[in-house]
Amino acid sequence: MNAETNEIPNRFDFATSATEIYDQWLEHGCFNADVDKTKKPFTIVIPPPNVTGALHLGHALNNTLQDIQIRMHRMQGDVALWMPGTDHAGIATQAIVEKRLKELDNKTRHDLGREKLVERIWQWKEQYETRILGQLQRMGCSCDWRRTRFTLDSQCARAVRSTFFDLFSKQLIYRGKRLVNWDTFLQTAVSDDEVNPETIKGHFWHLRYPFIAPKAGEPKFVTIATTRPETMLGDTAVAVHPDPAAALDKAEKLLREKLQVASVKDQPAIQSQLDELATRKQELLPQLILLANMARDGRKLRLPLVEREIPLITDTWAKPELGSGCVKITPAHDPNDYDVALRCSLPMLNIMNPDGTINENGGPYVGLSMPKARMKVVAAMDDLGFLEKTEDREIDVKHSDRSKTPIEPYLADQWFVRMEQLAQSAMDAVTHGDVKIFPARYANGYLDWLGEKRDWPVGRQLWWGHQIPIWSKTFEAAAEAHSLQSKIEAMPERSAGLISVSIEEPATVHVCIREEDGGLEVKLQSLGLVRQEDVLDTWFSSALWPHSTLGWPEQTAELEYFYPTSTLITSRDIITLWVARMVLMGLNNVGKIPFREVFIHPKILDGYGETMSKSKGNGVDPLDVINKFGPDALRFGLVWLCTETQDVRMPVQFECPHCETLVNQTKENRQQPTVACDKCGKKFSTQWAEKDEDKANPKAPVVSERFEVARNFVNKLWNASRFVMMNLDGFEPMKVDFQSLPLEDQWILSRLATVTKTMQTELKHYRYAEAARAIYDFAWDHFCSLYVEMAKPRLQDPEARPLVQQILAHCLDAMLRLLHPITPFVTEAIWQQLVRFAIKRDLHSSAVANTWIIRADWPAVHEEHIRPEVERQFAHFVDLVGAIREIRSRQNIAPKIAIQFCVRCEPAMEKLLAPMASFLQSMAGATATQWSSSPTLPSINAHVAIDQMDVYVDLTQFIDVDAEISRNEKLLSNLVKQIQGKEGRLSNESFVSRAPADIIAKERQALDELVAQRNATEQAIEKLRSL
RNA sequence: GGGCGAAUAGCUCAGUUGGUUAGAGCGCCACUCUUACAAAGUGGAUGUCGGGGGUUCGAGUCCCUUUUCGCCCA
């Protein structure tokens, strides 16, 4: 904008304006939220993005939705606090840094050591935190940056220590041996949520174990089948079903039931299974019964290779309908076998080192990796004649989500949180309605997951995270442990509540220290206690986020005022991992729920319906979208698509850096380092470019044309504002009597009041797309296409001009405020210019407009302006304009040529529409010659029937007979179709006798009108033919 | 295997308690540089509402079933 000449460019220059505006907001503390008891608090804590990498479009959506709520509540006069921060994302971040360490320096974390590695991760964190916060700022997020937290900073650390100490003291934390998912690459246990099954090609090896001293008539071997033969080194039993006959009968019964209800297509497969079962009964069953008896008789086997004696046992885990009917039991390396071992009191033999190699229990195979051990074991068994056969088979192998390497089930010491009570409290919070989840269907998953009340394994064998604050010592004898326990219990720190002590059977002492305290640590170390190496699961610290960020465990003024927070806005994949745990931790620590509402927003998918990810190459950086379309378009575009039921599908394009053409991303080209432009043919590079030859091509931003709608809307808004401002010279605020306003003014004010009300209720209920559509329709169709068009002639009339200026200024003002939460930059830019033309512009207030729209009041709903009958009346005008325009277009009459028409209507309609003559002139280029219940028709005319009016456009000068005939014929066939439908319905006896009277009456009336129209149309066609 | 969700115009999506001829934006076609906006304006064409069955006078909407896709859990 040129301040001297009042010239306004016809595009919003977001590239320079956005940062200027954001800096101004920052400079003036517009985002700051401080305790003010005269006002209501409104609080949101950000779902802290992981510092693993830059933000993607999913984050952009998530944060836009939060910013909208924050900005709206801020305008509504609440103290709106948006608490920002990032998450250390334990395993994910460490995995990335370790991977880079390997790639760049070819080193492992052990080469570096704990301290050095953690230092490196902090560097990584600083780099990405800066990038992430920068991205949020470019999006316009109005967080209170003074309060930015990190889940690993000292304040969060203190909250973690306090929580851990509290749970430990309540005996809700314990250590136990459990079979865990072991990631041999990262050398840590990972939770079930961090592993994914992948189907890979494997083998099914059938192995024989010899019996020790079998009796006459008994088999010499038992055959088992396994996909992981190396685990035989840790076998401690072989199981057979206790009653194989009954088990086979049961399996058969199930199959027969299935066959009964199966579709024809599925029947053959089930039948063949039944046939196989019958064969088994014949051939295998006697053998299995014999084996079950042998097991009961205590028969033993000699485990080959390690030459260990192991029992044959009976357990229902052995399935007679599968394989050989017998199964090897490896308790320390298989979850099902682990359960069997618990049931049958079998020893558990660990054969693996943390790095995935065979340990000393593996006999001759010690030191080999699991895959190498597998090959050697199979070869050795083959040499011994114990390999019966090998089958190819597809098998599901769990893979670590982080390192992408296969998971080894592994028996390890793990720290757990007992979930029984905690989970129940979080379930109650939702079932009692204290925490409301939108959309409600997501409550199911939350409740189901918590309902399992599985204890939470919280330890991770990592270096990046909150180290578990427990010092332990294991003794030979229980008595020694108890004596140390007594000694510690007698310490003054114990009575001061700084330490807590417990015994893990049989002889381990655990001491938990409440707060960071070097002296105390030394004291415990002098007693021979050693700190636990493990760190806590990253979700442990994020679970405290709503209260730890507000200062807990201190009872701060912020905590008292802003907690519980108002709403949590997040994505569905972390409802259990994060949302549920925040609820239970909030209840445990603060005694109150952490938030009253939770809104689960859709996921952003690409054009193929796949989730976006960097590894697929279909990810979109919000900054690319901002650079091309602007931050407001990014936000509006996301909101426009954020509906309640559907995920957001978003086809992705490369933007050619040479010619700016959008090149569709396909499953092929998104994986390639360089792609050729569809249009100019020149090459550009993608995220995969690594070689110099690829990098030589300029990199293409990845965007989506879905944002064009929003960009166009922002432009429309900008130009409508430009029009208003260009026509505000000489503007003086004036008092307005609503009742005596012309129809068009009453109408736009009624529309404005309605859309204000809609925005408020839709946003309150998180129906973002509906809100966006409401304001879009208002701004584009109602304000721009109709009101502004009608304002044009009025602005030329000195008498009408002041009033129109007032209404325009008022509407623009309110519209900008309604849009500000969604499109903050463009509305602020316009707002600050508007001040120069109209500093007082609100119809209801003589106050000077606020300097900042971010600080302006949210528009009040003026119920008294909502006039449904005015909106109905106005619709007649819109219909009339449309009818005339259609004829113009059909007859191809140039816009500059004036035409005439007459209308058959009742006097009331004439009274309503005759005063609008000037608008018909300006908007349809047409003049009415008559308004009458029986007008004299032009000799050649085109007739259009609209609600309560017949419009006859004079075509004496213009007639294109063929065009008019074809228009009428089309109309006629349409009418005939409808008449047939209605006549059919009304002649249907059951419709007439059963449908409600008002529906029937409506149908009759509609039919009469249609028949009248048909007759008129037929006559018109006849007349046209005679010309 | 269990649970949740989706399937509507070429594309992305609306469609409240069942009730005239199922809507929007983009794209497409035609015509317009009309001084806010060509990122615009005006008009137009485009649908077996995934398939099958049922309830009902009447079904995109309710019920059953089936197919395909996505997500979560096992």
Side-chain angles (χ1 to χ4, degrees), chain A residues 8-12 192-193 197 263 265 335 396 439 441-446 448-449 452 571-577 602-603 605 607-611 629-630 633 637 640-651 664 704-727 769-770 773 776-777 780-781 784-785 788-789 791-792 881-882 884-896 922-925 967 970 974-975 977-979 981-982 985-986 988-996 998-1000 1002-1003 1005-1007 1009-1010:
Chain A
I8 306 172
N10 69 356
R11 292 274 189 277
F12 172 47
D192 289 341
D193 311 308
S263 65
K265 197 179 79 185
D396 279 343
R441 67 186 128 96
Y442 289 113
N444 296 336
Y446 172 97
D448 289 350
W449 186 83
E452 290 182 27
S571 153
R572 77 170 93 90
D573 35 11
I574 49 178
I575 295 174
T576 52
L577 297 176
K603 287 187 72 101
L605 309 174
Y608 299 102
E610 296 179 6
T611 50
F629 297 105
W640 178 257
L641 296 168
C642 179
T643 59
E644 211 169 282
T645 48
Q646 302 249 20
D647 282 336
V648 179
R649 258 190 188 222
M650 190 169 274
N664 281 329
S704 174
E705 64 189 5
R706 288 280 144 241
F707 291 101
E708 283 177 6
V709 182
R711 189 259 325 256
N712 295 354
F713 178 65
V714 168
N715 180 242
K716 189 76 180 175
L717 182 70
W718 175 262
N719 278 292
S721 308
R722 181 168 173 245
F723 172 83
V724 173
M725 290 190 275
M726 282 164 57
N727 285 285
E770 283 81 352
R773 274 158 220 267
Y776 180 97
D777 290 346
W780 201 304
D781 297 340
C784 293
S785 295
V788 165
E789 288 310 315
K792 283 175 181 174
V881 171
I884 299 168
R885 281 172 172 173
E886 188 190 340
I887 298 301
R888 287 196 81 109
S889 176
R890 295 278 189 192
Q891 288 289 324
N892 210 2
I893 301 170
K896 279 183 181 157
S922 63
M923 295 172 71
R967 179 183 79 87
K970 198 175 164 220
N974 200 348
L975 287 167
K977 233 188 288 172
Q978 285 183 62
I979 287 167
K982 293 251 184 294
R985 200 166 307 151
L986 283 164
N988 183 340
E989 173 52 31
S990 50
F991 173 70
V992 181
S993 59
R994 298 198 199 200
D998 59 321
I999 296 284
I1000 296 171
K1002 235 161 111 184
E1003 287 287 299
Q1005 198 196 335
L1007 179 60
E1009 281 166 21
L1010 288 168

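Following rounding to the nearest Å, A/Asn988 (CG) and B/rU56 (C1') show an atom-to-atom distance of 12 Å. Taking atom CD on A/Glu708 and atom P on B/rC11, their separation rounds to 18 Å, with Å as the unit. One interatomic measurement links the two molecules: CG of A/Asp448 to P of B/rG5, which rounds to 12 Å at whole-angstrom precision. As a whole-Å value, the separation of A/Asn719 CG from B/rU35 P is 13 Å. When the C1' atom of B/rC72 is taken as reference, atom CZ of A/Arg441 falls 13 Å away, rounded to whole Å. Per the geometry, NZ belonging to A/Lys792 stands 8 Å off C1' belonging to B/rU34, to the nearest Å. Per the geometry, CD1 belonging to A/Ile574 stands 14 Å off C1' belonging to B/rC71, to the nearest Å. Atom CZ of A/Arg888 and atom C1' of B/rA30 are 16 Å apart (whole Å).
Annotation: B/rG1 and B/rA45 have their P atoms spaced 48 Å apart (nearest Å). For the P atoms, the distance linking B/rU34 with B/rC29 amounts to 23 Å, nearest Å. If you take atom P in B/rU8 and the same atom in B/rC69, they sit 15 Å apart, rounded to whole Å. With both ends at atom C1', the span from B/rA59 to B/rC63 equals 11 Å, rounded to whole Å. Only the C1' atoms considered, B/rU65 is 39 Å distant from B/rC28, to the nearest whole Å. Of the C1' atoms belonging to B/rU55 and B/rC72, the separation is 33 Å, rounded to the nearest Å. Of the C1' atoms belonging to B/rA9 and B/rG18, the separation is 24 Å, rounded to the nearest Å. Nucleotides B/rG25 and B/rU35, compared at atom P, are 24 Å apart to the nearest Å.
Nucleic acid contact class of A/Asp647 (heavy atoms, under 4.0 Å, all strands): sugar-phosphate only. Residue A/Leu605 is out of contact with every strand shown, counting any heavy-atom pair closer than 4.0 Å.
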Which nucleotides of nucleotides 18-25 of chain B have their base under 4.0 Å from a protein heavy atom (B), which only their sugar-phosphate (S), and which neither (-), written as one string 5' to 3'? -BBB---B

5' to 3', nucleotides 38-46 of chain B under a 4.0 Å protein heavy-atom cut-off (B base, S sugar-phosphate only, - none) gives -BSSSSSS-

Take A/Asn715 and A/Phe12 through the test side-chain contact (heavy atoms from CB on, under 4.5 Å) and record every step on the way to the result. CA-CA 7 Å; A/Asn715 180 242; A/Phe12 172 47; over 6 Å; no

Let's go through A/Phe991 and A/Ile999 carefully: what are the C-alpha distance in whole Å and the side-chain angles of both, what is the deciding distance for side-chain contact (heavy atoms from CB on, under 4.5 Å) to 0.1 Å, and is it a yes or a no? CA-CA 10 Å; A/Phe991 173 70; A/Ile999 296 284; 4.2 Å; yes

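Side-chain contact between A/Cys784 and A/Lys716 is present, with heavy atoms from C-beta onward closer than 4.5 Å. A 4.5 Å side-chain heavy-atom check between A/Ile575 and A/Trp449 finds every atom pair outside the cut-off. The closest side-chain heavy-atom distance from A/Met923 to A/Ile884 is not below 4.5 Å.
For A/Glu770 and A/Tyr442, each mapped to the nucleotide of RNA chain B holding its nearest heavy atom, the one lying further toward the 5' end belongs to A/Tyr442. Heavy-atom nearest nucleotides on RNA chain B were determined for A/Asn444 and for A/Glu452, and the one closer to the 5' end corresponds to A/Asn444.
Considering only side-chain N and O atoms, A/Arg572 lies nowhere under 4.0 angstrom from the phosphate OP1 or OP2 of B/rC71. Side-chain N/O atoms of A/Thr643 include one lying less than 4.0 angstrom from OP1 or OP2 on B/rA14. An OP1 or OP2 oxygen of B/rU32 is reached within less than 4.0 angstrom by no side-chain nitrogen or oxygen of A/Lys896.
Between A/Ala769 and A/Thr643, the closest heavy-atom pair is CB-CG2, 3.6 Å.
For A/Asn712, the side chain to side chain contact (heavy atoms under 4.5 Å, CB included) test picks out A/Trp780, with sequence neighbours left out. Annotation: side chain to side chain contact (heavy atoms under 4.5 Å, CB included) contacts of A/Leu641 (sequence neighbours excluded): A/Val648, A/Met650, A/Arg706. Here A/Glu1003 pairs with A/Arg985 under the side-chain hydrogen bond (donor to acceptor under 3.5 Å, both in side chains) rule; sequence neighbours left out.
Of the possible donor and acceptor atoms, one in the side chain of A/Arg722 sits under 3.5 Å from a partner among the backbone N and O of A/Ile8. For the pair A/Ser889 (side chain) and A/Arg885 (backbone), a donor-acceptor distance under 3.5 Å is absent. Side-chain N or O atoms of A/Arg572 include none that pairs as donor or acceptor with a backbone N or O of A/Pro602 at under 3.5 Å. One N or O on the side chain of A/Asn719 and one on the backbone of A/Asn10 form a donor-acceptor pair closer than 3.5 Å.
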Give the dot-bracket string for RNA chain B, reading 5' to 3', where a pair is Watson-Crick or G-U wobble with both distances under 3.5 Å, ( ) marks pairs inside the strand, [ ] marks pairs crossing earlier ones, | marks a partner on another strand, and . marks unpaired. (((((((..((((.....[...)))).(((((.......))))).....(((((..]....)))))))))))).

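At a cut-off of 3.5 angstrom, counting only N and O atoms as typed in the model, there is a donor on one side and an acceptor on the other between the side-chain of A/Glu789 and the base of B/rA36.
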